[in-house]
There are 2 protein chains.
Amino acid sequence: MHTPLYQHFEQYIRLSPALREELENRVTVQSFKKGELLHDADKVCTRSYFIRKGLVRVFFLKDGREISEYFSSEGEWVNSPKSFIQRQKDIYSIDTLEDTDTWRLEISDLGYLFDHFPEMERYARLSMGTVFGHLMERITSMRFTSAKEKYDHFRAVYHDIYHRIPLGMVASYLGITQETLSRVRAEK
Amino acid sequence: MHTPLYQHFEQYIRLSPALREELENRVTVQSFKKGELLHDADKVCTRSYFIRKGLVRVFFLKDGREISEYFSSEGEWVNSPKSFIQRQKDIYSIDTLEDTDTWRLEISDLGYLFDHFPEMERYARLSMGTVFGHLMERITSMRFTSAKEKYDHFRAVYHDIYHRIPLGMVASYLGITQETLSRVRAEK
DNA sequence: TTTTTCTTTTGACCTATATCAAAAACTACT
DNA sequence: AGTAGTTTTTGATATAGGTCAAAAGAAAAA
């Protein structure tokens with residue numbers, strides 16, 4: 001039943017039966033229709049969602065326009081990172097681009113797991129290391145690169161899901177206008 | 001003697017006497033002259049340096065030019081993150097912009113600390129969370145912003161040290177040319 | 001199916017920043 | 001102090017990508 005979740009953890013640590021059971025008990029199924037909000041920037045983010053099926057987008061408002069920060073899909077956790085970690089409000093909201101099924105974990109439950117299973121701390125450290133690497137690569141790919149190079153990098157990173165994301169959202173993710181992205185895409 | 005190092009850890013966890021002692025035993029003083037390499041991209045990064053005094057720059061080569069990735073100064077750890085975490089080569093080298101004194105920690109010693117002190121795992125998770133936030137902010141500040149806005153953000157982030165960094169290195173950090181940065185700076 | 005709304009493409013024009021080149025201002029040796 | 005090397009500034013020009021506007025295409029609603 002919770003196999004994809006276990007597999008995710010086992011990329012980084014070995015799950016003891018006790019930890020498996022705790023995870024299973026503390027995680028709740030929650031589904032969202034396309035366009036629904038998982039998290040609103042108005043509030044502190046107290047939940048993390050593991051995506052079983054679907055696609056979500058983390059975004060914020062700048063001058064009244066929605067800017068995509070990043071996208072998450074099957075097999076990944078999503079939350080508003082700074083809000084979730086530091087228990088304060090942040091600028092990000094999260095909504096879905098497709099009907100999405102998740103397992104939801106409350107921050108209080110996660111705290112319990114950290115306190116009682118040191119391997120969870122290790123899991124967090126290692127998995128953050130992975131994401132960390134992605135962020136640095138992204139920063140590199142945003143400097144001294146043409147719109148085309150940015151788009152190519154985006155397609156490489158979001159290889160499996162880039163075609164499921166509307167053009168305007170991709171453009172704001174890349175920091176270019178959708179007109180420019182449309183032209184870049186045309187010449188191929 | 002090791003006070004600044006202890007203080008750094010105690011932003012995130014409480015250091016037991018036992019852990020203090022282990023840290024103290026495993027850390028080695030190392031000093032570098034201005035311009036010396038702390039790490040060369042040719043090699044796997046197996047050491048992390050805590051900066052007691054001085055200023056270093058993490059950079060890589062693109063088309064024969066040196067691009068600054070970021071800077072670190074007093075009270076911070078520096079290494080080549082992906083190389084250090086995943087024990088493989090990466091593009092980054094590290095050198096000093098000033099004479100620099102450090103405490104050096106070998107990855108094997110860090111591994112020992114992770115294995116024997118679960119609070120070290122917690123420290124790593126929490127401190128990575130902080131850096132994580134900075135990276136996300138930086139990504140945001142690089143999209144849809146003018147050269148001037150990028151420079152303003154840089155000065156805010158590197159408030160205490162920005163004046164110690166040569167203009168050309170700041171420009172490559174921001175992803176703009178040094179000519180543009182020079183002009184931005186002139187009109188104030 | 002038809003209408004309405006949302007998304008993407010195309011076109012014309014403009015501006016911020018890149019590029020190339022050279023002068024000026026620093027820094028660091030001898 | 002004087003020379004050589006490096007870094008920063010200034011100037012002239014070019015261009016990628018922004019902005020604004022409108023048409024075309026797709027998706028959702030009636």
Side-chain angles (χ1 to χ4, degrees), chain A residues 32-37 54-55 57 59 61-68 71 95-99 140-155 158 161-188, chain B residues 32-37 54-55 57 59 61-68 71 95-100 139-155 158 161-188:
Chain A
F32 301 87
K33 288 261 164 246
K34 177 176 177 173
E36 259 189 279
L37 279 180
L55 176 59
R57 141 239 209 196
F59 68 98
L61 290 175
K62 175 171 172 137
D63 311 324
R65 299 173 40 78
E66 295 178 349
I67 311 286
S68 304
F71 308 95
D95 69 0
T96 65
L97 305 183
E98 303 171 355
D99 292 353
T140 296
S141 93
M142 285 177 37
R143 289 179 299 173
F144 306 108
T145 57
S146 64
K148 178 176 187 310
E149 287 171 304
K150 291 189 180 81
Y151 182 58
D152 287 345
H153 183 256
F154 163 77
R155 288 198 304 178
Y158 286 106
I161 58 170
Y162 76 90
H163 55 277
R164 289 153 66 185
I165 305 172
L167 174 135
M169 294 183 186
V170 175
S172 73
Y173 169 85
L174 295 176
I176 61 182
T177 61
Q178 61 178 289
E179 292 93 329
T180 294
L181 181 54
S182 174
R183 283 183 250 259
V184 163
R185 243 176 23 170
E187 62 196 38
K188 292 202 185 178
Chain B
F32 299 88
K33 288 262 163 245
K34 176 176 177 175
E36 260 189 279
L37 281 179
L55 177 58
R57 139 235 209 198
F59 68 98
L61 290 174
K62 177 171 171 138
D63 310 325
R65 298 174 41 78
E66 293 178 350
I67 311 287
S68 304
F71 308 94
D95 68 2
T96 65
L97 305 184
E98 302 172 355
D99 292 353
T100 297
I139 288 171
T140 297
S141 93
M142 286 177 36
R143 287 179 301 173
F144 306 108
T145 56
S146 64
K148 178 174 187 313
E149 287 171 304
K150 291 188 181 84
Y151 182 57
D152 287 343
H153 183 258
F154 163 77
R155 286 198 306 178
Y158 285 107
I161 58 169
Y162 76 90
H163 55 278
R164 289 153 65 184
I165 305 172
L167 174 137
M169 293 183 186
V170 175
S172 73
Y173 170 85
L174 295 176
I176 62 181
T177 61
Q178 60 177 290
E179 292 94 327
T180 295
L181 180 53
S182 173
R183 283 183 249 260
V184 162
R185 242 176 25 169
E187 61 196 38
K188 289 203 186 173

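Here the structure is a predicted model, which is why all the values come from computation and not from measurement. Chain letters run A, B, ... following the sequence lines, proteins first, then strands; residues in each count from 1.
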| request: Take the protein atom CD of E179(A) and the nucleotide atom P of dA24(D), then report the distance between them rounded to whole Å. | output: 17 Å

| query | Among E149(B), K150(B), H153(B), whose side chain to side chain donor-acceptor pair (under 3.5 Å) with S141(B) holds? | reply | H153(B)

| said: Using heavy-atom distances to pick each residue's nearest nucleotide on DNA chain C, tell me which of K34(B) and G175(B) is more 5'. | reply: G175(B)

| query | Just how far, in rounded Å, is C1' of dT7(C) from CE of M169(A)? | reply | 10 Å

| query | Over how many whole Å does the gap from L167(A) atom CG to dT10(C) atom P extend? | reply | 12 Å

| query | Toward the 5' end of DNA chain C, which comes first, T145(B) or P166(A), by nearest nucleotide? | reply | P166(A)

| What integer distance in Å separates M142(A):CE from dG17(D):C1'? | 15 Å

| query | What is the distance, rounded to the nearest whole Å, between atom CD of E187(A) and atom P of dG17(D)? | reply | 10 Å

| note | Ranking dT9(D), dT8(C), dT17(C) by distance to the side chain of R185(A), first place goes to dT8(C)

| query | Does T177(A) have a side-chain nitrogen or oxygen under 4.0 Å from the phosphate oxygens OP1 or OP2 of dG18(D)? | reply | yes

| Is the backbone of K33(A) close enough, under 3.5 Å, to the side chain of T96(A) for a donor and an acceptor to pair up by distance? | yes

| Out of dT8(D), dT9(C), dA18(C), whichever nucleotide has its closest atom nearest the side chain of Q178(B) | dT8(D)

| What is the distance, rounded to the nearest whole Å, between atom NZ of K150(A) and atom P of dA16(D)? | 13 Å

| task | Return yes if some donor-acceptor pair links the side-chain N/O of Y158(B) with the main-chain N/O of F71(B) below 3.5 Å, else return no. | result | yes

| message | Salt bridge or not between R57(B) and E66(B)? Use side-chain N to carboxylate O under 4.0 Å. | response | yes

| query | Below 4.0 angstrom from OP1 or OP2 of dT9(C), is there any side-chain N or O of S182(A)? | reply | yes

| query | Hey, does the side-chain of R183(A) have a donor or acceptor N/O within less than 3.5 Å of a partner on the base of dG18(D)? | reply | no

| d(CD1, I176(B); P, dA16(D)) in whole Å | 19 Å

| Nucleotide dC26(C), atom P - distance to NE2 of H163(B) in whole Å | 17 Å

| task | Answer yes or no: is there a donor N or O on one side and an acceptor on the other, between the side chain of S182(B) and the main chain of Q178(B), under 3.5 Å? | result | no

